[in-house]
Amino acid sequence: MTRPRRLVSIAHSYCVALNRRLAHEMAVAGAGKWEVTAVAPSFFQGDLRPIRLEMTHDEACRIEAVPAHFSKRIHFMLYGGKLREVLRKEWDLIHCWEEPYILAGGQVALWADKRAALVYATFQNIEKQYPPPFNRIEKHSMNRASGWIAFGQTIEQTLGKRPGYCERPSRVIPLGVDFDKFHPDLEAKERTLRNLGWSAAHPPVVGYLGRFVAEKGLNILTGALDQIASPWRALFVGAGPLEDQLREWAMRYTDDRVKIVTGVKHDEVPQYLNAMDMLCAPSQTTIAWREQLGRMLIEAFACGVPVIASDSGEIPHVIMDTGLIVNEKDETAWAQAIAGLIEDSSRRAEMSKKGIDRAHADYSWPRIAKQHLEFFDELLEGRTH
């Protein structure tokens, strides 16, 4: 009897239990044909909060904890020597959810057993010329790679012509969403509003979820809200260096219509999404960054929350006709789009249904896991011919 193929999937994001859903679903989808191990940092400093490896009891994949150093700045993060021991085992395929140009991505290429196929997953959707040593790391990593996965269309468009990438098989496969956690929940909505000190009977809640940084467009959103005459409430969930500036803006509204919530863990996000009547994602393109996916968009879809988003980067490919796209720089257009949804509950209901349908059709983790395994099978079968 042929033994199952052995797959190891490495990601610093696997430190968060909810982020390991890909590895779990690959183990479920590949039962009998694939054995899946997820490698995660035992501790990750992160740019917003420190995280110790979160464990759950019901994961189908095996979990291997390894040390990680300098994780405050992901480009310089290094895995400890235990990862080398893991990668020297008899793997059929190594899946690296670390960018191929960063130090950790280079470590995987350096330490990977030569007999194993190596596949990188990347979010990079801006053409960049990296300085040393990152340019050499990327070249070495992609020379070693058997293939790569782009998390979106703009990523494939950017890297598909780049040396090292264009010669290798690739697939566009997005992230998924966990419907056990992210789904419409009226009870959670009422409970969260109550905990915020709000009544469910008050005006619609305009929501924001993400980092409090300039490139996420907080100034556009707050400026748009300042222009809206219709009654509204605003809920900002996240963390980041612009928190003080955001709180200063909120103080203009002494009627308790603005709430700012920080320190929210990923598995707590659904209750806040459910408290929103719409989610705004006014991401702003910069020289060094444009929106790479917008996980909050598909999570909002799954919760039945209408979405208004900018036209930055990958967002139009994610939104399509499911939400509203607004020019990222046009503050007046943002104000009009938000006011239009505030005043039209039937349109919000229609967008809610479309979002739920879209999430289940395109972003279910079992579907995403199956797409990964199909690509891995093709790569391994190609290596035997």
Side-chain angles (χ1 to χ4, degrees), residues 7 9 11 13-14 16-34 36 38 40 54 56-61 63 93 95 97 119 121-123 149-156 170-186 188 209-210 265-274 276 279 281 291-307 309 314-323 350-378:
L7 165 65
S9 182
S13 65
Y14 284 165
V16 176
L18 201 57
N19 290 342
R20 290 196 302 273
R21 188 63 185 264
L22 172 60
H24 166 78
E25 292 293 349
M26 287 194 296
V28 172
K33 187 175 180 181
W34 287 91
V36 181
E54 300 172 358
T56 61
H57 66 280
D58 58 351
E59 292 182 77
C61 60
I63 301 169
L93 191 139
H95 170 240
W97 188 351
V119 177
T122 173
F123 277 110
I149 292 170
F151 282 117
Q153 298 291 336
T154 56
I155 299 157
E156 195 277 334
S170 64
R171 289 289 185 279
V172 177
I173 308 175
L175 291 180
V177 62
D178 187 337
F179 300 126
D180 292 337
K181 298 285 186 181
F182 293 88
H183 56 84
D185 189 335
L186 181 59
L209 173 64
K265 296 180 179 180
H266 195 185
D267 60 0
E268 298 171 336
V269 166
Q271 64 192 24
Y272 290 99
L273 276 174
N274 272 286
M276 300 173 185
L279 176 77
E291 189 62 69
Q292 298 168 324
L293 174 70
R295 176 180 288 186
M296 68 287 186
L297 304 176
I298 61 176
E299 292 174 344
F301 288 165
C303 290
V305 179
V307 172
E314 189 67 17
I315 288 177
H317 296 285
V318 176
I319 296 291
M320 297 178 69
D321 63 349
T322 309
E350 178 185 348
M351 290 174 65
S352 173
K353 183 180 184 305
K354 289 182 69 173
I356 295 169
D357 291 344
R358 175 81 188 287
H360 283 263
D362 294 343
Y363 296 107
S364 71
W365 271 126
R367 173 190 172 92
I368 301 301
K370 183 179 178 183
Q371 291 175 339
H372 276 77
L373 294 181
E374 288 173 349
F375 182 45
F376 297 160
D377 279 328
E378 290 178 20

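Computed from a predicted model, the values in this text were never measured in an experiment.
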Say you draw a straight line from [atom1] of [X] to [atom2] of [Y]; how long is it, rounded to the nearest 0.5 Å?
X	Y	atom1	atom2	value
Trp365	Phe179	CH2	CZ	10.5 Å
Arg358	Met351	CZ	CE	12.5 Å
Asp267	Asp180	CG	CG	12.5 Å
Lys354	Phe301	NZ	CZ	9.5 Å

Do you know which of Val318, Val177, Val305 makes side chain to side chain contact (heavy atoms under 4.5 Å, CB included) with Leu297? Val318

Given side chains that start at C-beta, do those of [X] and [Y] come closer than 4.5 Å, heavy atoms only?
X	Y	answer
Leu373	Leu7	yes
Ile149	Phe376	yes
Leu18	Lys265	no
Arg171	Glu374	no

Set of residues satisfying salt bridge (Lys or Arg N to Asp or Glu O under 4.0 Å) with respect to Glu291, sequence neighbours excluded: Lys216

Where is the tightest heavy-atom contact between [X] and [Y], given as atom of each residue plus distance?
X	Y	result
Ile356	Pro184	CD1-CG, 3.5 Å
Val28	Ala60	CG2-CB, 3.8 Å
Ile155	Ala150	CG2-CB, 3.6 Å
Pro174	Ile368	O-CG2, 3.3 Å
Ser352	Gly304	OG-O, 2.7 Å

Ring pair (Phe, Tyr, Trp, His ring centres under 6.0 Å) against [X], all qualifying residues, sequence neighbours excluded:
X	answer
Phe151	Trp97, Phe123
His317	none
Tyr363	none
Tyr272	none

Side chain to side chain donor-acceptor pair (under 3.5 Å) partners of residues 19-30, not counting sequence neighbours, each pair once: Asn19-His266, Asn19-Arg295, Arg20-Glu59, Arg21-Glu25, Arg21-Asp178

Worked check of side-chain contact (heavy atoms from CB on, under 4.5 Å) between Ile298 and Asp362: CA-CA 9 Å; Ile298 61 176; Asp362 294 343; over 6 Å; no

Intermediate values then yes/no, side-chain contact (heavy atoms from CB on, under 4.5 Å), Val269 and Met296: CA-CA 9 Å; Val269 166; Met296 68 287 186; over 6 Å; no

Can you tell me if Glu314 uses its side chain to pair, donor with acceptor, with the backbone of Gln153 under 3.5 Å? yes

Looking only at atom types and distance, does a side-chain atom of Lys181 sit under 3.5 Å from a main-chain N or O of Pro270, one as donor and one as acceptor? no

